[in-house]
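One structure is given below, encoded as structure tokens.
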Amino acid sequence: MLNKSDPNWWKQAAAYQIYPKSFQDTTGSGTGDLRGIIQRLDYLAELGIDVIWLSPVFASPQVDNGYDISDYRAIDPMYGSLADMDELIAQGKQRGIGIMLDLVLNHSSDQHPWFLAARSSRDNPYHDYYVWRDGEPGKLPNDMKAGFGGPAWEWVPEVGQYYFHQFAPQQPDLNWENPKLRRELYDMILWWMDRGVEGFRLDVIDQIAKEPDRFITGNGPRLHEFLRELSRETFQKGCLVTVGEAWGADLERARLYSCPDGSELSMVFQFQQMVLDQQPGKEKWDLRPLPFVEMKKSYAHWQQGLHGCGFNSLFLNNHDLPRIVSRWGNDSTYRVESAKCLATMLHGMEGMPYTYQGEELGMTNIRLPIEDYRDLESLNAYRERTEAGYPVEEVMASLYARSRDNARTPMQWDDSPNAGFTTGEPWLRVNPNYRQINAAQALADPDSVFHYYRKLISLRKSHPVITQGDFTLLEPEHPKLFVYRRALADQELLVVCNFSDEETPYVLPEGWETAHCLIENYPARTDGTLRPWEARMLER
Ligand code: TEU
């Protein structure tokens, strides 16, 4: 167990993300709940994780599955009660697992009492908690677009004004220019810290300092000023781990966010690798093949660029991204091999690894008929793109590849009906491959993806070179192999991954022929080739 009274404890930690709606149902409602998570804590302890990032469980109308919060201090009844949350925190602590809550501070639900008051009159004290602009019906303040489609402005006749929303109309943006609003958020965060949470993930934190009059959404001029105040007033009063979601973060900005002096956050989620397989400047639905060499160089840029002056988060999946084994791996012939290969690539790096529920089983994307999709982003995109004249097959192909519902299908626990997720009707279809891919099978099979992840996570704890070593990309131009070296004093690590379906010739660098293999995804063999998706981590 990590010593969590050390302010840097999280530098050795491994996290696991739970999307609670799809994790474990205990009531037959068809949606997961907090008691379900409590039941599965031993499974997570076996995996060896230290922190659970819990996607939002606060009271919410669930327009965006909880990323639309109507009460930041209450648990949504669908998930249980505050008492259940207290128990989850306590039971987690007993196993060395902390709870990281997902705070959505950029916007609230339109059903939050603040917004209901704000929209009642311009004189209401809460009016200024949100971002309003004058206008006339039909004449929008400007032509900014919202994240999930349509304009970023919504008319409210009662006040004769438009409010600003970067996401759905039911997610009005909070006005960080208002110090009273900021204080209110800080008090809420302190209240959760008092309850024993060990960290926070901050949703779209790079968008809080918006300035719609100047068409600014991300990276607004006051962003880091707001973050430093937030951090000083809250996180710095405890030994927390914090991670900000920042689609707009480049390396320079990430150095500010994750500055080792602790003035802002522990780290950010940046997405520079995750957008490489979409056409530059286009939408996520506009796909292109992964530029592999560019991807490797991007990882190297971040590994080297934050070494000693910042901190990386390491992830290949989350609740917004398709399943990595379907995306960058091969989810048919080499599903197990490629899932392990991708994990090796990531877990040999410096930073904090986040495993997204089901990733440790090698769970895959799903293909659904359009009526079975549930995500508002997918449904809006289907409507907008078919209306714009894209062929239906093309639109469906992009949903199969990119829909957020790929990540949100229920967790596959065993081969009983609905994969052991629920005894009721699941809110989103279970992937039919659950009979082959499930946790019970994985636990019983020593060669499973699960046990491979368990080993990778434990290697991080026992090998300081993984948490602290420097990074060198080898074979940078090789079109199939991802090879890198880590070094810390006299400890060295070599990670070799074959990102292809073909046997690929490879000769180890001099001096590595006899090195000790820490982990590999095939039975040992040294004949100068790597098998499809073969991965090895060597030390010397
Ligand atoms: O995501 C931020 C965000 O920008 C996403 O909308 C992202 O662009 C998209 O999902 C890619 O397909 C965060 C949350 O992670 C997401 O679940 C929420 O829907 C969103 O914020 C609004 O709160």
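Predicted model, so just to flag it, every value in this text is computed and none were measured. For ligands, and for the atoms within them, numbers begin at 1 and follow the listed sequence.
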Worksheet item: Closest approach of I366 and L368, non-hydrogen atoms and distance?
Response: CD1-CD2, 3.7 Å
Distance-only donor-acceptor pairs under 3.5 Å for side chains of residues 221-228, two or more places apart:
unit_1, atom_1, unit_2, atom_2, d
R222, NE, E225, OE1, 3.1
R222, NE, E225, OE2, 3.3
R222, NH1, E177, OE1, 2.6
R222, NH2, E225, OE2, 2.7
H224, ND1, E264, OE1, 2.8
H224, ND1, E264, OE2, 3.1
H224, NE2, R253, NH1, 3.1
R228, NH1, E264, OE2, 3.0

Item to complete: Please collect all salt bridge (charged side-chain N to carboxylate O under 4.0 Å, His left out) contacts where either partner lies in residues 235-248, sequence neighbours excluded, each pair once.
Response: R201-E245
Worksheet item: Does the pair D277/R288 count as a salt bridge with the N-to-O cut at 4.0 Å?
Response: no
Item to complete: Check side-chain contact (heavy atoms from CB on, under 4.5 Å) between R183 and all other residues, then give those that pass, not counting sequence neighbours.
Response: Y186, D187, L190, E233
Practice prompt. Say whether, by atom type as modelled, one donor and one acceptor occur between the side chain of N380 and the main chain of F148 under 3.5 angstrom.
Written response: yes
Discussion item. I'd like the contact residues of ligand 1, where contact means a heavy atom below 4.0 Å.
Written reply: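 Residues near ligand 1: D64, Y67, H107, F148, F167, Q171, R201, D203, V204, E245, W247, K284, H319, D320, E377, R404, R408.
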